Amino acid sequence: MQEALQMLAAQAKAAIASADSSAVLEQLRVSYLGKKGELTAILRGLKDLAPEARAQFGALSNQVKQDIEAQIVGKSSALEESKYSKLATTEALDVTKTLPAAKSGHLHPITQTWMLIEDIFNRIGFEVASGPEVEWDKFNFELLNMPKDHPARDTQDTFYVSDEILLRTQTSPVQIRWMQNHQPPVRIIAPGRVFRRDYDLTHTPMFHQFEGLVVDKGITIQDLKGTCIYAMQSLLGSSTKVRFRPHNFPFTEPSLEVDASCNICQGKGCRTCKHQGWLEMAGAGMVHPQVLRNVGYDPEQVSGFAFGFGIDRIAMMRFGISDLRLLFEGDMRFLQQF
Ligand code: DAH
C-alpha cells in the first residue's frame, strides 16, 4: 500500500507539473481528489485496515493528499500568472508610440491655381462669373464679332454639337452673357473649362482659361496693362516681367498678347520657354466698340478692356510641370506630388 501511495504521489506530481491549462489542472484535481478520485478511494479503504496500519497509512495518505492539493494551488497560480504576462506582451498597447501620419487628399493643381486666381482678383474688386460649357454659336462667336465666315474661327478648332450649339472654345462668351444682364461698371473674371480639337505636349482637348472684363467710363489700355502685371506678379512671383505684343482678335481693338518672363530660367532661356526667355500667357485688348454695341452699351459713353489667360499654363509654371497632358490623366503617383 505504501508503494501504491508513493507511485500515486509521483504520478500526480508529474501530471500537475506538465498541465498547460487550468482546464487540464481541474481534470487532474477531480481524478485524484474528487469523490471518485484515486486518492479518495485509498482514503476510503483505510477504515478496513488494522488500527496500527490505519494510523501509519492514514498519516501518509493525508500527507500525499495535502501535497497534491498544494501542488494544484501552486500550479494554478503559476498558470494565471503566465496567462497575464503573455497578455502583456501579445496585447500590449504602446500609447507613447508615434503613428504614421494619416494620409489625406488634396486639391488638384489646376483647382489650387483656379482658387488662387479668384482670390487675387477678389482682392482688387472683381466678381467671379460663369457660363455654360455647352454654348450657343451666337455667344461663343457671333456677338464677339466673329460671324460665321470669319477667318479667325479657323484658329479655334471647334467641337460642334449642332449648327448652332458647340462646346465653348473660349471663356469669352461669358463677357457677352454678363454684359447683357448687367450695366457698367463691370469688373469680372470668368474661370472655366474650354474645348478645342487639339492634342500634344502643350495642348489637350479640354483646358482652362479665365476671362477678365472691365467696362466703365474712361477705362484705358494702362488699366489693362496694370491689371495684367498685378496678376502675373501675384501668380508667378514679384520679380516676373511682363511684356505686351501687338496682335489681332476680332473682339478687341487694339489687341495684345501678354508674355511673362519664364520663371523656370528667370528669362535666361530654357526648354520650357523654347529659349525665348518669355512665355505667352494671354490674349487681351480694348473691347471692340461693335462688341459693346452688340450688348446694348454705348461705346461713346463707356470703354473697357478684356483678357483671356490660360490657367493650365500658369499651373505648369507654378509647379514646374513640362507636359500638360499629365495634369488630366488622373495618375495618383503624379498628382500626389502637389
Ligand atoms: N479668347 C481668346 C482665346 O481664347 C483670348 C482672348 C483674347 C480673350 C483677347 C480676351 C481678349 O478677352 O480680349 O484665344
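When a ligand or atom number is given, it counts from 1 through the structure's own listing order. All of these numbers come straight from a predicted model, not from anything done at the bench. Numbering of residues begins at 1 and proceeds along the displayed sequence.
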Interatomic distance, Arg153 atom CZ to Glu142 atom CD [nearest 0.5 angstrom]:
6.0 Å
To the nearest 0.5 Å, how far apart are CG in Asn294 and NZ in Lys138?
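Those atoms lie 11.0 Å apart.
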Residue-level breakdown please: for Phe251 versus ligand 1, do any non-hydrogen atoms fall below 4.0 Å on the side chain, on the backbone, on both, or on neither?
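Just the side chain.
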For ligand 1, which part of Ser172 has a heavy atom less than 4.0 Å away: the side chain, the backbone, both, or neither?
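For Ser172, the contact with ligand 1 is made by the side chain alone.
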Please write down residue, atom name and distance for the protein heavy atom closest to [atom].
| atom | result |
| --- | --- |
| atom 12 (O) of ligand 1 | Glu211 OE2, 2.6 Å |
| atom 8 (C) of ligand 1 | Gly308 N, 3.3 Å |
| atom 13 (O) of ligand 1 | Thr252 CG2, 3.0 Å |
| atom 6 (C) of ligand 1 | Gly283 O, 3.7 Å |
| atom 1 (N) of ligand 1 | Gln170 OE1, 2.7 Å |

Any sub-3.5 Å donor-acceptor pair from Arg318's side-chain atoms to Leu235's backbone N or O?
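Yes, the answer is positive, given that a donor and an acceptor are paired below the 3.5 Å cut-off.
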Taking only heavy atoms of [X], which atoms of ligand 1 are found under 4.0 Å from at least one of them?
| X | value |
| --- | --- |
| Phe249 | 7 (C), 9 (C) |
| Gln209 | 3 (C), 4 (O) |
| Gly285 | 13 (O) |

Salt-bridge criterion met for Arg243 and Glu257 (N-O under 4.0 Å)
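Salt bridge: no.
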Check for me, please, whether Met286 and Tyr297 land in the same ILVMFWY cluster - side-chain distances under 4.5 Å, paths through other members count.
yes
Does a donor on one side chain sit under 3.5 Å from an acceptor on the other, for Gln175 and Glu211?
yes
So is Ala284 polar-close to ligand 1, meaning N/O to N/O under 3.5 Å?
no
Heavy-atom proximity to atom 3 (C) of ligand 1, best of Arg196, Arg168, Gln175
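That would be Arg196.
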Report the residue from Thr158, Thr171, Thr169 that forms a side chain to side chain donor-acceptor pair (under 3.5 Å) with Asn140.
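That would be Thr169.
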What verdict does the side chain to side chain donor-acceptor pair (under 3.5 Å) test give for Asn62 and Gln66, after you've listed the backbone C-alpha separation in whole Å, the side-chain angles of each residue and the deciding distance to 0.1 Å?
CA-CA 6 Å; Asn62 272 326; Gln66 278 168 19; 5.7 Å; no
